[in-house]
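Worksheet for the structure shown next.
What you see below is based on every heavy atom in this structure, not just the backbone, and it leaves out hydrogens, waters and symmetry mates.
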Amino acid sequence: MDRYLVFGHPVRHSKSPFIHTLFARQTQQELEYGLAEPAVDEFAHALRTFFDQGGKGCNVTVPFKEQAFTLVDRLSPRARRAGAVNTIKLTDDGVLLGDNTDGAGLVADLKSHGVTLADSRILLLGAGGAARGALAPLLAELPSELVIANRTHTKAQQLAAEFCDLGPVTAQTYEQLAGPFDLVINSTSASLQGELPPLAPALIHTDIAIYDMMYGASDTAFISWAKQHGARQTMDGLGMLVEQAAEAFTVWRGIRPGTKQVLRELKRNLGVI
């Protein structure tokens with residue numbers, strides 16, 4: 001039976017085995033999917049060992065995405081742009097192909113919620129790996145403007161300069177931000193600590209769409225804050241998790257699984273519904 005894994009540290013909380021097991025059942029694919037939590041300095045060895053022992057593919061999560069980027073034999077264009085790899089496939093000719101499905105998962109989830117990206121004004125909070133992975137897919141949807149804001153402004157400037165060939169992307173400080181924005185995406189990990197980006201409440205209005213890449217059994221701190229200031233459409237990253245997994249499954253198996261029922265089952269598993 002074909003074997004797949006998710007590498008991370010920590011990774012025991014990962015919902016990837018749950019998701020991919022449902023995808024396999026739905027598409028009648030025979031595979032098994034497990035967890036691997038090597039020490040941070042043993043990832044390269046663990047990855048090689050997995051494929052030497054017959055592994056077919058894997059997902060890669062924090063903190064190994066940038067390291068995986070350097071370990072594969074070939075990169076997809078979107079992985080090269082993102083500077084990180086979250087999906088690896090062993091091709092038929094024995095090549096380890098590195099891909100990045102995070103941005104595609106984000107865009108797919110936004111569209112599933114009816115969010116219009118074309119001609120929209122988007123604010124992206126954060127300039128780390130999550131933001132980097134999202135930029136090219138977001139800009140491919142032809143927004144009127146994409147603004148990056150980050151606590152360290154120079155990082156936002158560097159990221160905007162790197163992606164400006166793909167569309168109208170600029171960097172601003174939090175103090176410079178002026179609305180209205182159609183969509184705000186929080187790519188920072190602040191919600192994991194129950195913290196908030198320093199965003200002015202005046203930027204929130206009733207017609208804005210709010211997206212937090214983090215997720216939990218209840219609203220994240222950022223979503224709760226946005227609701228308190230009048231946002232009516234708020235979304236967390238659970239749908240992105242399922243959509244990026246579906247993209248990875250497609251890379252591995254050549255068949256696209258449906259996501260709606262799997263997302264419902266995942267929410268039930270987490271106690272969200």
Side-chain angles (χ1 to χ4, degrees), residues 61-70 75-86 98 100-107 110 115-193 195-205 208-214 220-223 225-226 229 231 237 240 244:
T61 188
V62 176
F64 300 130
K65 291 183 183 183
E66 287 76 19
Q67 196 175 345
F69 182 88
T70 69
L75 292 164
S76 71
R78 58 189 179 183
R80 190 178 302 279
R81 265 292 184 180
V85 161
N86 81 329
N100 191 303
T101 65
D102 285 331
L106 169 65
V107 168
L110 285 165
V115 177
T116 299
L117 298 173
D119 297 320
S120 65
R121 191 162 184 253
I122 301 173
L123 173 58
L124 179 62
L125 307 179
R132 175 181 289 274
L135 274 168
L138 285 171
L139 289 168
E141 297 298 318
L142 305 178
S144 62
E145 183 182 15
L146 193 154
V147 177
I148 306 170
N150 190 59
R151 288 180 186 269
T152 305
H153 183 51
T154 53
K155 286 189 67 176
Q157 290 176 309
Q158 291 165 2
L159 203 55
E162 189 174 334
F163 284 83
C164 66
D165 61 311
L166 298 183
V169 55
T170 60
Q172 296 180 16
T173 66
Y174 278 98
E175 293 74 23
Q176 290 173 328
L177 294 174
F181 289 100
D182 301 297
L183 169 66
V184 178
I185 301 170
N186 181 23
S187 77
T188 76
S189 59
S191 287
L192 293 177
Q193 291 81 42
E195 299 172 355
L196 294 169
L199 194 65
L203 290 174
I204 306 301
H205 55 87
I208 201 169
I210 297 293
Y211 196 99
D212 194 337
M213 289 189 186
M214 301 299 110
T220 67
F222 183 64
I223 286 178
W225 175 85
H229 291 92
M240 175 181 172
Q244 67 80 24

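In plain terms, the two heavy atoms of Val169 and Ala160 that are nearest each other are CG1-O, 3.6 Å. Scanning both residues, Tyr174 and Ala149, for their nearest heavy atoms gives OH-O, 3.7 Å. Shown here for Ala131 and Gly126, the closest heavy-atom pair between the two residues is CB-O, 3.4 Å. Nearest heavy atom pair, residue Ala79 against residue Gly98, reads CB-O, 3.6 Å. Contact detail for Pro143 and Leu138: the closest heavy-atom pair is CD-O, 3.4 Å. The two residues Leu196 and Ala221 make their nearest non-hydrogen contact at CD2-O, 3.4 Å.
There is a side-chain donor-acceptor pair under 3.5 Å between Thr220 and Asp212.
Atoms CG and CG, from Leu183 and Leu110 in turn, are 6.0 Å apart once rounded to the nearest 0.5 Å. Once rounded to the nearest 0.5 Å, the distance linking CG of Leu135 with OG of Ser187 reads 8.5 Å. The CD1 atom of Ile210 sits 10.0 Å away from atom CD1 of Ile185, with the distance rounded to the nearest 0.5 Å.
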Go through Met213 and Leu106 one step at a time and tell me if the side chain to side chain contact (heavy atoms under 4.5 Å, CB included) criterion holds. CA-CA 8 Å; Met213 289 189 186; Leu106 169 65; 3.8 Å; yes
Check against side chain to side chain contact (heavy atoms under 4.5 Å, CB included), Arg80 and Leu75: CA-CA 6 Å; Arg80 190 178 302 279; Leu75 292 164; 3.8 Å; yes
Take Phe64 and Val85 through the side chain to side chain contact (heavy atoms under 4.5 Å, CB included) test and state the conclusion after the steps. CA-CA 8 Å; Phe64 300 130; Val85 161; over 6 Å; no
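A salt bridge links Arg132 with Glu162: the distance from a Lys NZ or Arg NE/NH1/NH2 to an Asp or Glu carboxylate oxygen falls below 4.0 Å.
Using a 4.5 Å heavy-atom threshold, the side chains of Tyr211 and Met240 count as touching. Counting heavy atoms from C-beta outward, Ile148 and Phe163 have side chains that stay 4.5 Å or more apart. With a 4.5 Å cut-off on side-chain heavy atoms, Gln157 and Leu159 do not count as touching. A 4.5 Å side-chain heavy-atom check between Leu146 and Leu124 finds at least one atom pair inside the cut-off. For the pair Leu123/Leu199, a side-chain contact is recorded, criterion being any heavy-atom separation below 4.5 Å from C-beta on. A 4.5 Å side-chain heavy-atom check between Glu145 and Ile122 finds every atom pair outside the cut-off. A 4.5 Å side-chain heavy-atom check between Thr61 and Asn86 finds every atom pair outside the cut-off. At least one side-chain heavy atom of Val184 sits under 4.5 Å from a side-chain heavy atom of Leu125.
In this structure, Thr173 contributes its side chain and Gln176 its backbone to a donor-acceptor pair below 3.5 Å. Side chain of Asp182 to backbone of Arg121: a donor-acceptor contact under 3.5 angstrom is found. Remark: side-chain polar atoms of Arg78 are paired, donor with acceptor, to backbone N or O of Asn100 under 3.5 angstrom.
Taking the six-membered ring where the residue is Trp, His229 and Trp225 present tilted rings, their angle falling between 30° and 60°.
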